[in-house]
Enquirer: 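What follows is a single structure, and I will ask about it in a moment.
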Amino acid sequence: MHPPIVEFPVSSWLASVEAALREQALETIESGGVLYFPRLGFELREEELRFLAPTWSDGKSKNIYLRGKERNLRGFAGSEDDALALAALIERYAAEARHLLNELLPAYKASLESSNTSFRPVEAAGRAQSWRHDDSRLHTDAFPSKPTHGRRILRVFCNLNPEGRPRQWRVGEPFPDMARRFLPRLPRYRPWLATAMHKLGITKRRRSEYDHIMLHLHDAQKADADYQKNAPQMAMPFPAGSTWICFSDQVLHAAMGGQYLLEQTLLLPVAALRDPGRSPLGVLEKMLGRALV
Ligand code: SIN
Ligand code: FE
């Protein structure tokens, strides 16, 4: 079965993980699989249960999140005290996710850079405003304003739903199959345009050709209705009280429904992978026969 969704019997964020499981985790994630922890939930404290309501969102951004290193709370509507309490909850999740990753994938520990941590209290079904922002369409992640220059996007998701509703995902075909399909259709990279977008502040650094390709792959996948319907895929309902981890720049994924999710994003340099050749950068460079960063 592709993609492999591999279950791990880890039920505590602070568990110690034996060598064989670590090996399986590394092999699964680098081959484009999803690490699935059916019984790893995130405990809310009594006084935090009030945050399980969509009204805490400011309605403008899809998620409430703590940003990168700054750690200021974005997308939130509420009092200063409430903001502090929710930020503390999100920060606790960030710490537990990081702890688990360090234990499960120790080979990445020294190179992993923690980025945004989000809380998603809005129903995932029907929240999109445009096809490009519609995460219920299969896609690989790419950041329009934050070029990664090949760095991997690693994400830790946890379904907090108090009514026992799953996070309904679809997971698609292997990255190389998708890339072969869409690469011939992408617009050419224009270095001068990447420079101009950086100078104008549209991107935080200059888009490399890699970033250009990853963004246009994301768009091409989402814009293709036939691909969405007929490409190889499987439905995966992640139950309430479960956690899953994947490289979301590699795994084709779509969120069809569900409510109340925590998510931690981390960035990983390609050089920290055991096998950089299986990364999107490695795959694309091989297919195109040239360096992309
Ligand atoms: C996504 O990363 O595309 C959405 C994941 C989710 O909210 O379940
Ligand atoms: Fe995504």
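Counting convention: from 1, in listed order, for ligands and their atoms alike. Everything numeric here is computed off the predicted structure, so don't read it as measured data.
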Enquirer: Run the salt-bridge test on E209 and R190 with the 4.0 Å N-O cut-off and return the result as yes or no.
Expert: no
Enquirer: Out of R137, R120, E263, indicate the one that has the non-hydrogen atom closest to atom 4 (C) of ligand 1.
Expert: R120
Enquirer: Are R151 and D249 ion-paired here, with the side-chain N under 4.0 Å from a carboxylate O?
Expert: no
Enquirer: Step by step, work out the side-chain contact (heavy atoms from CB on, under 4.5 Å) result for W244 and V156.
Expert: CA-CA 6 Å; W244 58 107; V156 183; over 6 Å; no
Enquirer: In the protein, which heavy atom is nearest to atom 2 (O) of ligand 1, and how far is it?
Expert: H253 NE2, 3.3 Å
Enquirer: Taking atom types as modelled, is there a side-chain donor on D134 or S136 under 3.5 Å from an acceptor on the other?
Expert: yes
Enquirer: I need the atoms of ligand 1 closer than 4.0 Å to a non-hydrogen atom of L261, numbered in the order shown.
Expert: 6 (C), 7 (O), 8 (O)
Enquirer: Tell me, which N, O or S atom in H139 is closest to the Fe ion (ligand 2)?
Expert: NE2
Enquirer: With respect to the Fe ion (ligand 2), what is the nearest N, O or S atom of D141?
Expert: OD1
Enquirer: Here's a test for you: under side chain to side chain donor-acceptor pair (under 3.5 Å), which of H218, Q221, H253 qualifies with H139?
Expert: H253
